Amino acid sequence: MLPAYVPNSAAAAVGGGIPIDGGHNWSDGKRIFGDGKTIRGFCGGVACGCIIGILQIMAQGYPAFSMLPKLNIFSVFLLATGALVGDMVKSFFKRRAGIERGGKWPLVDQYDFVAGAFLFLFVGNPAFAFSVMTVPVIIAILIITPVLHRVVNIIGYKMGVKDVPW
């Protein structure tokens with residue numbers, strides 16, 4: 001899941017610039033995604049997710065990593081892209097719900113990128129997804145994700161990359 005975990009943090013670190021929604025509003029008068037979703041952040045986040053995935057692919061040949069699932073570049077790309085698309089979909093619905101950028105949305109904030117990564121992986125490469133994403137693996141991901149999400153967000157906040165620690 002590293003190719004899905006890395007993109008959000010990377011997007012926050014390298015983002016800025018032109019918003020993906022071009023500053024436009026939806027039919028309800030609210031921003032489509034908001035200023036926090038930028039072209040540079042999206043591309044940089046996907047690139048960083050792919051880089052970590054490529055490093056994992058390179059490490060697959062070492063005995064110490066032999067127990068890990070055998071990733072491929074297509075699955076890495078699907079995980080990284082799906083994570084950021086999931087985050088953008090969440091932002092779209094946050095704006096509709098009147099939750100401003102940085103506002104809390106419990107549970108959804110922790111699982112949006114996981115849902116996007118799973119969806120992209122299961123639709124884009126179902127054979128790989130069903131062979132790797134077993135019930136115990138999915139349960140482990142669902143348990144680990146909120147803890148990792150919180151720790152990484154606190155670190156990002158203390159580093160000045162995030163405006164809020166959640």
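As the structure is a prediction and not an experimental result, all values here were calculated from the model. Note: hydrogens, waters and symmetry copies are ignored here, and every other heavy atom, side chains too, is used.
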- How far does CZ of Phe33 sit from OG1 of Thr38, to the nearest 0.5 angstrom? 12.5 Å

- Treating Ile, Leu, Val, Met, Phe, Trp and Tyr as nodes and any side-chain heavy-atom pair under 4.5 angstrom as an edge, say whether Tyr111 and Val152 lie in one connected cluster. no

- Message: Is it the case that atom CG in Leu55 sees more than 12 heavy atoms from other parts of the structure closer than 6.0 Å?
- Response: yes

- Between Lys37 and Asp21, is there a side-chain N and carboxylate O pair less than 4.0 Å apart? no

- Message: Take a 6.0 Å sphere around CZ of Phe42 and say whether it holds more than 12 heavy atoms from other residues, nucleotides or ligands.
- Response: yes

- Message: Side chains of Tyr5 and Ile52, heavy atoms from C-beta outward: is any pair under 4.5 Å?
- Response: no

- Task: In plain terms, say whether Arg96 and Asp28 are close enough for a salt bridge, that is, a side-chain N and a carboxylate O under 4.0 Å apart.
- Result: yes

- Candidate pair Thr81 and Val85, rule side-chain contact (heavy atoms from CB on, under 4.5 Å), full reasoning: CA-CA 6 Å; Thr81 305; Val85 170; 4.2 Å; yes

- Item | Derivation of the side-chain contact (heavy atoms from CB on, under 4.5 Å) call for Ile20 and Met88 | CA-CA 9 Å; Ile20 288 178; Met88 285 191 335; 3.3 Å; yes

- Item | ILVMFWY cluster membership beyond Val14 - transitive side-chain contacts under 4.5 angstrom | none

- Item | Cluster link Tyr62 to Leu68, ILVMFWY, side chain under 4.5 Å | yes

- Query: Is there any side-chain hydrogen bond (donor to acceptor under 3.5 Å, both in side chains) pair reaching into residues 122-136, and which pairs are they, with sequence neighbours excluded?
  - Reply: Ser75-Asn125

- Item | Hydrophobic cluster identity match, Ile141 and Phe122, side-chain contacts under 4.5 Å | yes

- Message: Between Val135 and Ile139, is there a side-chain heavy-atom distance shorter than 4.5 Å?
- Response: yes

- Message: Quick test of your reading of the model: are Lys90 and Asp109 salt-bridged, counting only N-O distances below 4.0 Å?
- Response: yes

- Message: What I'd like to find out is whether the side chain of Leu79 reaches to under 4.5 Å of the side chain of Phe120, using heavy atoms alone.
- Response: no

- Non-hydrogen atoms of Gly49 and Pro7 that approach each other most closely: CA-CG, 3.9 Å

- Message: So Leu84 and Asn8, do their side chains get closer than 4.5 Å, heavy atoms only?
- Response: yes

- Task: Please round to the nearest 0.5 Å and tell me the distance separating atom CD1 of Ile73 and atom CG of Leu78.
- Result: 10.0 Å

- Task: Calculate, to the nearest 0.5 Å, the distance between atoms CG and CE belonging to Leu148 and Met1 respectively.
- Result: 10.0 Å

- Are any of the side-chain heavy atoms of Arg31 and Ser91 separated by less than 4.5 Å? no

- Task: Establish, yes or no, whether a centroid distance under 6.0 Å links the rings of Phe93 and Trp105.
- Result: no

- How long is the gap from CG on Asp112 to CG on Leu107, to the nearest 0.5 Å? 11.0 Å

- Mind listing the closest non-hydrogen atom pair of Ala80 and Cys50 along with its distance? CB-N, 4.2 Å

- Query: Do the ring planes of His149 and Phe113 sit parallel (below 30°), tilted (30 to 60°) or perpendicular (above 60°)?
  - Reply: parallel

- Task: Measure the spacing between CG of Leu121 and CZ of Phe128 and express it to the nearest 0.5 Å.
- Result: 6.0 Å

- Message: Just so I know, are the side chains of Pro3 and Phe77 near enough to count as touching, which here means a heavy-atom distance under 4.5 Å?
- Response: no

- Student check: side-chain heavy atoms of Arg101 and Asp35 closer than 4.5 Å: yes

- State, to 0.1 Å, how close Ala10 and Gly45 come at their nearest heavy-atom pair, and which atoms those are. CB-CA, 4.1 Å

- Rounded to the nearest 0.5 angstrom, the CG-CZ distance for Leu71 and Phe65 is 12.5 Å

- Taking all non-hydrogen atoms of both residues, which atom of Glu100 and which atom of Arg95 are closest, and how far apart? C-NH2, 3.3 Å

- Task: May I ask whether Ile138 and Ile144 are part of the same hydrophobic cluster, defined by side-chain heavy atoms of I, L, V, M, F, W, Y residues being less than 4.5 angstrom apart, directly or through others?
- Result: yes

- Item | Any Asn25 side-chain heavy atom under 4.5 Å of Lys30 side chain | no

